[in-house]
Amino acid sequence: MATTERTGEQRAWPTLAVPSPTPSITVPSTDNPDILEINLGPNHPSTHGVLRLVVNLDGEIVVGLRNELGYVHTGIEKNIEQKTYWKAITYVPRMDYLSFFSGEVAFCMAVEKLLELEVPRRAEYLRVIFQELTRLHSHLIFLGTGSVDLGGIALLFYCFRDRDYVLDLFEMVTGQRMHPRYGQVGGVAEDIPRGFDRKARQTIAYLRGRIDEYEDLIGQNPIWRQRTVGVGVMPPEFAIQMAQSGPNVRASGIPWDLRTANGGYGAYRELDYQPVLGRNGDVFDRFWVRVQEMRASLDLIEKCLDGLPEGPHISDDRKVVLPPRHELHTSMESLIHHFKIVTEGYRVPPGEVYAPIESARGEFGFYMISDGSAKPWRARLRPPSFVTLSSLAALATGHYLADLIAILASIDPVMGDCDR
Amino acid sequence: MPEPIRAISQPTWGDPDLDALASLTEALGEGGVVTHKIDRDELTIVVAPERWVEAATHLRDAEGYDFLSDVVTADWLGYGGDVAGYWGTEAFGGRDLNRSGSWGNAAVPKALGDKRFSVSCHLLKLRTVDPGEHRRVRLQAWLDDGEPIATLIPVYPSADYHEREAWDMMGVRFTGHPNLVRILLPDYWEGHPHRKDSPVGGEPVQFSDEV
Amino acid sequence: MIPPAHVRRSLRATQLEDIVMTTTVDKAIAWASSNSVWPFGFGLACCAMEMIGMITSARYDVARFGSEVVRATPRQADLIIVSGRVAHKMAEPIRQLYEQMLGPKWVMAMGACSSTAGMFANYAVLQGVDKIIPVDVYVPGCPPRPEAVVEGLLTLQKKIRAGIQPAYRQQQSDA
């Protein structure tokens, strides 16, 4: 079994044209009277949330596809404009609810870019640890639900059991399993407790064994390979035209990872990380790349734990960050800062920024406009799943209906992120 | 000796691509590039709305910006003025700099454009450069309420969904878009919620005396 | 294998009161249906992840309560767990799915968003799913822990065993 290779350039790719006139919709030719138009969703057993697909079928073959989105549109961006920056962080993990901490970090990074605030090294390392834990969480759920879509129900139970171990680490540090609101502008909300290092290493060792099992389960399984190898091939040219990012584009051999682009961001600059690449850009590769990325995440977490620097876990700029509670008893200035930050919120200098990070799904960034007040003027998330779903029509047309489900599972959309 | 605090740690846009700015200015000629701004290591190029597609095509073909991150619209109604205090800007009942207790900011710098809506697209040099040389640029155009702008689908096909969302949420029309219908809201919805004069919605919370 | 003493004693019992348990038909049916509440596989947003965790994870195993049989079609399900925020666009499908369920049917509003729209007081979110379907159990949390959802399920089971009508029947009797 060929594992990852550095480049897939030498392969001959099939041509996949962007559909015309609408890139996200394929329309059947109308001369066949037997074409059936069916509706998939918004409630269907494959748990990608509420996605509705209108599919034109000729027998079992998909000849036309259209997405209907918006079934979980929550108006988060409008709500964020009404709240101060501090309170708005709570909304953000609920967008992409599988890689929730990446959302918090993206928001905090955009605000820190506007503030030109420096983040301590320890906070950067902690952010990387939890971003990678979030990536593990997302990929575990992806693998579990993806294999259920293909019929391999065993992996669902294994992955959700292992997901609990990852969430235990979040709970140990923040008290909350999902949506911990741990990311804070200036760093992270709290320092890690004393037993975290030991428990994290235990979890890493355990999960390494589990990933070996997952590789065994899906790597050589002939049924799995028959259903996924050669299905839904995404050629690199198509991927770039349709602005795909994340593991989908890496499975097609393009070494694009925001954790290493231009040196990376945060503590990734100091960690030597190589993106995981695939070769063929088919469903199998998209699954395989994510499984290998889980392994890479474990290595990254271990490196961060080994090299975790001492120091503060949040910036000490009192205009933005709450002072430690013990200071409130002795220092009048701290009390005033605390009061101002909690009631009014910290004011962010005017400007507009776009700071994308690599979430489990791809390029994930906030376009944030500040007007100088304590509330964002515009906070728009660049949704990776939204862009990914626009390529589904081209990828799935010409395949069987069962392959459509496999392709949808492999490109890993999360509807909370898509609809916001 | 404590560790020095790290420098700004956000993902970098690369050095501002002034070569692209110069070549774009030259290619579009008179009245094409209206202004530009370099702020917090980001380069924003403002072009006239009529030259939108031409500018994007030039950046893609001549400068190698082959990846469109997204197309964003923003509503600048009520932005700025003399006020930047707790309750927002003056237009919405905010505080006046000269009123007592307002502790307002100095005047907020003007936005890049003077019309109501800005349409920005974030472009990225992905495949055409060596690793470590990826650059981003923001191409921006300003529109009045009701003024349309051309679609970017012929240049970047992934703009399809972003433009539909911009139409749905902000009411910015993209001429030439093959399928400009609502994408996130139901078809029967009226209005464009992300506009500043559109209410947040919800319902008043009632506290009842019953159990 | 020899059964324990109290079981041996009860097996030797001959008095009618010791060997016959009397109950009402309603109570017997309620006991049976409370222990076999089949949920409908309906996940909307973040709460769905915790719901799936409750159902599939070995730690919070919901099979011990009889609810392991998650049906993909509403026509075979007893309990719809509305897990996640309900957008206005989704309200109509939810109502349709609810109508497709056969009685007796129960509704659990899992999480803050389906109970009262949670933190999303805005134009896009239905302010509580009880505006369109009658709810039996509300489980607060954002998202609620799987144990909290299990407690909601157990509360529902207690409610069924106590003989309380499902919420839609109460609505019908009110109307």
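It should be emphasised that the depicted structure is a prediction, and the values quoted were computed from it without experimental measurement. Every chain is numbered from 1, with letters handed out A, B, ... down the list of sequences.
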As an exercise, state the distance from [atom1] of [X] to [atom2] of [Y], rounded to the nearest 0.5 Å.
X	Y	atom1	atom2	value
C:Ile94	A:Tyr71	CD1	OH	11.5 Å
A:Leu167	C:Glu50	CG	CD	6.5 Å
A:Ile153	C:Thr56	CD1	OG1	11.5 Å
C:Arg59	A:Arg163	CZ	CZ	10.5 Å

Where does [X] contact chain A at under 4.5 Å (heavy atoms): side chain, backbone, both or neither?
X	result
C:Leu97	side chain
C:Ala121	backbone
C:Cys142	both
C:Tyr123	side chain

What residue in [options] has the most heavy-atom pairs under 4.5 Å with chain C?
options	result
A:Arg52, A:Lys83, A:His179	A:His179
A:Gln82, A:Lys78, A:Glu171	A:Glu171
A:Asn79, A:Asp419, A:Val50	A:Asn79

Please report the closest heavy-atom contact between [X] and [Y], naming both atoms and the distance.
X	Y	answer
C:Lys89	A:Glu68	NZ-OE1, 4.5 Å
C:Pro143	A:Met178	CG-CB, 3.8 Å
C:Asn122	A:Thr74	ND2-O, 2.7 Å
C:Met49	A:Phe160	O-CE2, 4.0 Å
C:Phe120	A:Ile76	CE2-CG1, 3.5 Å
A:Arg94	C:Cys46	CG-SG, 3.9 Å

Report task. Please determine, among C:Ala58, C:Gly84, C:Ala45, the option with the most heavy-atom pairs under 4.5 Å with chain A. Result -> C:Ala45
Are there over 12 heavy-atom neighbours, none belonging to [X], within less than 6.0 Å of that residue's [atom1]?
X	atom1	answer
A:Tyr367	OH	yes
C:Arg75	CZ	no
C:Gln100	CD	yes
A:Glu190	CD	no
A:Gln202	CD	yes

Query raised in the report: Side chain, backbone, both or neither: which part of A:Tyr91 has a non-hydrogen atom closer than 4.5 Å to chain C?
Result: both
Requested in this report: Please look at A:Leu69 and chain C and tell me whether the side chain, the backbone, both or neither of the residue comes under 4.5 angstrom of a heavy atom of that chain.
Outcome: backbone
Report task. Measure the shortest side-chain to side-chain distance between A:Arg177 and C:Pro144 over non-hydrogen atoms and say whether it is less than 4.5 angstrom. Result -> no
Report task. Test side chain to side chain contact (heavy atoms under 4.5 Å, CB included) on C:Met90 and A:Val72 and set out the steps. Result -> CA-CA 7 Å; C:Met90 193 64 198; A:Val72 73; over 6 Å; no
